[in-house]
Amino acid sequence: MSSDTRFDPASADARWQTAWEEAQTFRADSDSPKPKSYVLEMFPYPSGRIHIGHVRNYTMGDVLARYKKATGHEVLHPMGWDAFGMPAENAAMEKGVHPGGWTRANIEHMKAQLKRLGFALDWSRELATCEPDYYGHEQALFIDLYEAGLVYRKESEVNWDPVDMTVLANEQVIDGKGWRSGAEVEKRKLNQWFLKITDFAEELLEGLGSLENWPEKVRLMQENWIGKSKGLEFSFDLSNGARLPVYTTRPDTIFGASFVAVAADHPVAQGIDSDEARAFIAECKKGGTTAAELETAEKLGFDTGIAAKHPFTGADLPVYIANFVLMDYGTGAIMAVPGHDQRDFEFATKYGLPIPRVVAPSVEDAGTPFDGEAEAGDGVIVNSDFLDGMDVETAKREIIRRIEEQGRGEGKTVWRLRDWGVSRQRYWGTPIPFIHCESCGVVAAPKDSLPITLPEDVDFQTPGNPLLRHETWKHVDCPKCGGKAERETDTLDTFVDSSWYFLRFASQPADKPFDAEEVAKWLPVEQYIGGIEHAILHLLYARFWTRALAHMGQIEVKEPFASLFTQGMVTHETYSRKEGGKTVYYAPDEISREADRALLSADGGEVEIGRVIKMSKSKKNVVDPDTIVDSYGADAVRWFMLSDSPPERDLPWSEAGIEGCSRFVHRLWRLFGAYEPQAGGKDKALDRKTHQAIAAVAEDIEALGFNKAVARIYELTGAVEKAAPSASRSAAIRTLVQLVAPMMPHLAEEAWADMGMEGLVADAPWPAVDPALLVEDEVTIAVQHKGKLRDTLTAPKGASKEDLEAMALASDKVQRSIDGAEVRKVIVVPDRLVNIVT
RNA sequence: GCGGGUGUGGCGGAAUGGUAGACGCCGGGGACUUAAAAUCCCCUGUCCUUUGGACGUGUGGGUUCGAGUCCCACCACCCGCACCA
C-alpha cells in the first residue's frame, strides 16, 4: 500500500464525491424498513458564495447524518435554497440583471462549493423556493389557510420610501431615512395580508414545554416573544360621557391609581380639538425607538382636561396623553399607579401628581414614603379600603371579581405576540394568489390556476414594485363573475417560504404540497441545526405553520423539530492599522502571521492584531471556504470545524489551527499505510482503548460533542502509533478509519479501499463494541490525606475497601503526611480513591 | 429595566461531588538532514529552600471527609427582549 505517498485531497476528494454520487449512497429511501432519521440544517440564502459559517453548520449535520446511517438508520439529509429575497432585487437594480438569473447562478455556484466539501446530501430532493414548483404549492397552502379563516386583510402602517417607491423593513430605516435613497421615510397605510398566528399563541406557548431537546435559551426567547400576561380590562367613566377601557396586570393596586394615560394614537387623544394637543401628539410620534433613545426618553404628558371616575373611590382622575403608552398593547390606555410602576412614578413626579402607597412590606409600613423609585414587588395591600391586609394575588382576584360583578370589565389574558403581516410590496417573492374584483371583492385564485408565476419581463430601473405596473400580468378576469379584475401585486414574506420547506423535503409530489403519508414517515425532523439568529422568527413561524396544517387536518405532526441545536459563529482576529487618522482593516491573506505579531505582506509593516470577532466584510476578517479547501482539502477543513470549540460556542479561525488539522490528516494517512492485515497476536491494552474509543466517540457524536469525539480520536491515534504490530493493531486501524469516516469521509474512503475492504466505508456499519473490553482490570487509586492528593497506587479493579485502605496506609508518602497523627476516619470510594482523615 | 449565558495555563478547551488542566494550538529543547521542508522524541500552570512542597478553576463566604462542579452574595463580559401597563 501507498505508505510512502502523501494523501492528496486534490484528487481523492473529487474521486470519492463522484463515487458516492454514482452509487447514490445518500439517497433517502422512504420505503426502507429501517428506522428513519431526518437530519436538517437551516437552508441557505443563495447570496453568491458559501460562508464559513455554513461550512461549520453543514459539517455538524453531516457528521450526524453519516453516523446515523452507520448505526442502521435510513437517513434523510436534504439541501435546498431559501431563494427569494431582497438581495436579488438589489442586484437587479445595481447590475441590471434579472433576480431569477442572478439567484439561479448563485445556486449553481454554491452547490458546487457544497459538493467540494463532500456532504452526504440527498441532492435528488433539492428545492429552491423561487421556483414555481415550490411556490405554487405555497400559494395553494395560503389559500387553504384563508379558507380555514387564518388569513385576513387589514389596513396597516408601513415605512414608505418616497424615492424608491417601496416599503421598507424597520431595519432598513436608519435615523428616519431610507437606507438606500436617504429620503425621509413616510408612514403610509396600506391594506395588507396577515396570518392569524395569535390564534395559536396559547398552543405555541404550551408546545414549548414539550420541546425538551431545544435549548432553554430559545424556548425562553420564544416565551418572551409570545408574552402572555394575565390581568384585568375595565372601563372608566369619563367626564365627557364616554367610557375608556384600560388594561392592567396589577388590579390589586387599583386604589393607588392617581391618573389615567392614553397613547398618542388613542381615539381619546385624537379627539381633543386643540392645536396644543395636536402638536403634542406629533411630537410623540417623532420619538425614536432605539434602545438608547428609550432609555433616556423623558416621560411626557398632555393634560386633556377630561376626568375619569375611579370605580371604587369615585375620585376624579386626570386623563393625560402620555408618550410612554403604546397603542398596540392592551387597550392603548392605562390606569397609572405611580407608587408601584416606575414609568408612572417618573411621570407623576414630573407633573406633581399624587403617589399613594398601596403595597407595603407589612401593615405597619403603610405610611412609609417611597425612596425615589416605585416599588413593583410583592407585599401586603394597604390604604385600599376592602383590600387592606390581603396579599397581592388575593387582592387581584378580589378586584377582578368585583369589577366583573359591576359589569365594568373582566379578567383578561393579553399577548405580546402580534399577527404576522406577510405582505411585501416586492417583485422577488411568492405572488399572493388573490384577485381583486370590482364587484366580487377579494377572490382566491382557483387552485387549478396555480402556480401564479412571476412575469419574467420586468424592469428594475424604474423605482417601485414592477408587478404593480405590469399591465398584462396584473389584469385578469375575475374567476367568480368573469368581470374586470386585478391580481394582488404583493408577494409573501420570505419567512413564509421557510415555514414549510422541511415538509416538502419529505416528499415532492407534483400535484400537491406534500404527501401526508410521507410526512408521517419522516417528520418530525430528528435534529435541526442552525444559527441562534433564527431563535424567534423562523422557528416560531415554522412551528405555527406546522400547527396550522395539523389544525386543518393536512398533517399529524404538531412540532416540526424534535431537537434543535444552535451552533456558534466562526470568528477571526482582525488586522488593522491607522493610516492617516483612519483605521484600515486588512484581510488574513494580506498578512503574514508570526507568533506574537502580524505583518502586512505588501510592505512588511506591522499591523495591530484585534479582538477575535464574528467574520464580517467591513472588518475584512473573512476566510473563503474555496480557498482553504484548495489549500488543505475538504477533510482538514471539516476536521477544523469540529475540533477544539464546543459546537454551541464561537470557533476562532486560525491559520495555525487549520495547519494542525492538515498535519493530522497526513498523520492518519501514514498510520493507515502501516496497516498489516496479516500481523498476528493480541494486544489486550490496545483492544481496550479501541473499544473505549468506539463507545466514547458514538456517545459524543450523539450528544453533538464533536470536539470531544475529536479528542478521543487523537488519543486512539496516539495509542495505535505506539503499539507494535499485532492483529489487535490491525483491527484498531480499521476501527480508526471508521471512527473518522463521518468527519473525514474522503480520507476514510481512500484508506478503506487501500486496505482492501469491501464497498464504501460510508455504507459500513458502525463498529460493534465489546462491553467486556470497556472495563479495565487495573485501576489507579488516588490517596488523599485531609482532602489533598498524597500518592496514587495501582489496584485490581473491584478491590475491597479493606484492601484499598490497607494499601493506602502502607504508602510511605501517606505515612509521612500523616506524621503520626491519629487516623480518625478513612473514606474509600471503590476503584477511585481513599481519603484519610486525621 | 427584565430574561438568559459565560468566566479553568500564553490560546481553544477537558473533567457522573472524587488524581484540575484530557486533546489540540503556540512555545522551548533534541534527533534525522550538507541544509531546509516533512517527520519523530522530550519539556511546557505559578512559586519555593526542588528525591520534596506550597499555591492554583473571576471575587468573598458556606455545605462536605473531599468543591471547577452544590448553595449564598458580589464582579466582569456576552446575548436576547424592551416605556408591553
Side-chain angles (χ1 to χ4, degrees), chain A residues 6 215-225 227 229 231-232 246-250 253 261 263 287 289-291 293-295 297-299 322-326 328-337 340-344 346-347 373 376 414-417 532-533 535-536 571 573 594-596 612 639-640 643-646 648-652 654-661 663-664 666-667 670 705 707-715 717-718 721 780-793 813 816-817 824-829 831-838:
Chain A
R6 278 171 71 77
E216 180 73 17
K217 179 188 171 93
V218 174
R219 284 187 286 165
L220 281 165
M221 282 164 75
Q222 293 212 351
E223 194 181 315
N224 292 337
W225 189 261
S229 72
L232 168 70
V246 298
Y247 175 73
T248 178
T249 55
R250 290 297 302 274
T253 63
T289 51
T290 66
E293 282 167 321
L294 292 179
E295 201 70 51
E298 200 181 350
K299 303 285 176 286
N323 65 344
F324 67 93
V325 179
L326 304 173
D328 61 357
Y329 184 81
T331 62
I334 60 163
M335 71 165 198
V337 183
H340 307 284
D341 180 285
Q342 186 57 28
R343 294 156 301 180
D344 300 350
E346 287 169 30
F347 191 95
E373 58 181 19
V414 166
W415 304 86
R416 185 186 170 278
L417 185 68
I532 186 73
E533 67 274 19
I536 298 175
T571 56
E573 58 191 23
E594 294 174 10
D596 50 8
V612 176
W639 189 252
F640 184 93
S643 304
D644 295 347
S645 287
E648 69 278 10
R649 284 204 217 163
D650 290 350
L651 171 68
S654 77
E655 202 66 24
I658 182 68
E659 272 166 18
C661 292
R663 272 202 299 277
F664 185 60
H666 294 295
R667 182 174 152 203
R670 284 191 304 276
N707 56 322
K708 289 190 245 173
V710 160
R712 288 293 187 164
I713 288 170
Y714 273 115
E715 274 178 274
T717 303
E721 283 171 337
T780 306
I781 305 289
V783 184
Q784 299 179 335
H785 172 224
K786 292 191 287 194
K788 290 206 191 303
L789 183 72
R790 300 297 165 186
D791 198 5
T792 58
L793 45 95
K813 289 179 182 172
R816 213 179 308 144
S817 176
R824 298 207 326 256
K825 199 172 173 186
V826 179
I827 287 125
V828 181
V829 182
D831 295 336
R832 281 212 171 257
L833 66 65
V834 179
N835 190 9
I836 295 157
V837 188
T838 55

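Labels below follow one simple rule: chain letters A, B, ... track the order of the sequence lines, proteins then strands, and each chain is numbered from 1.
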Suppose you measure atom [atom1] in [N] against the same atom in [M]; what distance do you get, rounded to whole Å?
N       : M       : atom1 : value
rA35(B) : rG27(B) : P     : 22 Å
rC25(B) : rC75(B) : C1'   : 30 Å
rG10(B) : rG45(B) : P     : 10 Å
rA15(B) : rG21(B) : P     : 13 Å
rG56(B) : rG62(B) : P     : 15 Å
rC26(B) : rC43(B) : C1'   : 14 Å
rA22(B) : rC74(B) : C1'   : 32 Å
rU46(B) : rC40(B) : C1'   : 31 Å

Selection from [options] that lies nearest to any side-chain heavy atom of [X]:
X         : options                   : result
Arg816(A) : rG52(B), rG80(B), rC25(B) : rG52(B)
Lys825(A) : rC65(B), rG3(B), rA22(B)  : rC65(B)
Glu715(A) : rG24(B), rA22(B), rA82(B) : rA22(B)
Leu220(A) : rG24(B), rG3(B), rC83(B)  : rG3(B)

Rounded distance [0.5 Å steps], CZ in Phe640(A) versus SG in Cys661(A):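 That separation rounds to 6.0 Å.
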Please report, rounded to the nearest Å, how far the [atom2] atom of [N] is from the [atom1] atom of [X].
X         : N       : atom1 : atom2 : result
Lys788(A) : rU64(B) : NZ    : C1'   : 14 Å
Arg663(A) : rC26(B) : CZ    : P     : 5 Å
Ile536(A) : rC79(B) : CD1   : C1'   : 11 Å
Trp225(A) : rG4(B)  : CH2   : P     : 19 Å
Tyr714(A) : rC25(B) : OH    : C1'   : 9 Å
Glu573(A) : rG10(B) : CD    : C1'   : 14 Å
Ile532(A) : rC78(B) : CD1   : C1'   : 13 Å
Gln342(A) : rC84(B) : CD    : C1'   : 16 Å

Quick one: is [N] close enough that its OP1 or OP2 comes under 4.0 Å of any side-chain N or O from [X]?
X         : N       : value
Arg343(A) : rC84(B) : yes
Tyr329(A) : rA85(B) : yes
Arg790(A) : rG53(B) : no

Toward the 5' end of RNA chain B, by each residue's nearest nucleotide, Leu326(A) or Lys786(A):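 So the residue in question is Lys786(A).
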Closest-nucleotide ordering on RNA chain B, the 5'-leading residue of Lys813(A) and Val837(A):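 The 5'-side residue here is Lys813(A).
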Test side chain to side chain contact (heavy atoms under 4.5 Å, CB included) applied to Ile532(A) and Lys217(A), step by step: CA-CA 9 Å; Ile532(A) 186 73; Lys217(A) 179 188 171 93; 3.8 Å; yes
Quick check: do [X] and [Y] have side-chain heavy atoms less than 4.5 Å from each other?
X         : Y         : value
Thr248(A) : Leu232(A) : yes
Thr253(A) : Met335(A) : yes
Ile334(A) : Phe324(A) : yes

Sequence-distant partners of Arg667(A), salt bridge (charged side-chain N to carboxylate O under 4.0 Å, His left out), two or more places apart: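 Salt bridge (charged side-chain N to carboxylate O under 4.0 Å, His left out) list for Arg667(A), sorted by chain: Glu721(A).
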Secondary-structure string, 5' to 3', Watson-Crick or G-U under 3.5 Å, | for another-strand partners, for RNA chain B: (((((((..(((.....[....))).(((((.......))))).((((...))))..(((((..]....))))))))))))....
Please check: side-chain N/O of [X] versus main-chain N/O of [Y], any donor-acceptor pairing under 3.5 Å?
X         : Y         : value
Ser817(A) : Lys813(A) : no
Thr792(A) : Ile781(A) : no
Asn323(A) : Glu298(A) : yes
Arg790(A) : Arg816(A) : no

Parallel, tilted or perpendicular: rings of Phe664(A) and Tyr714(A) (30°, 60°):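 The arrangement is tilted - the two ring planes meet at 30° to 60°.
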Sugar-phosphate only, base, or nothing, as touched by Tyr247(A) at under 4.0 Å among non-hydrogen atoms: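 It contacts base atoms.
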Touch class at under 4.0 angstrom, heavy-atom based, for Val325(A) against every strand present: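 Base contact.
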Sequence-aligned protein contact record of nucleotides 11-20 of chain B, with B where the base is within under 4.0 Å of a protein heavy atom and S where only the sugar-phosphate is: -BSSSB-BB-
Worked verdict on Arg219(A) versus Glu216(A) for salt bridge (charged side-chain N to carboxylate O under 4.0 Å, His left out): CA-CA 5 Å; Arg219(A) 284 187 286 165; Glu216(A) 180 73 17; 3.1 Å; yes
Anti or syn - rG52(B), cut at 90° from 0: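 rG52(B): anti.
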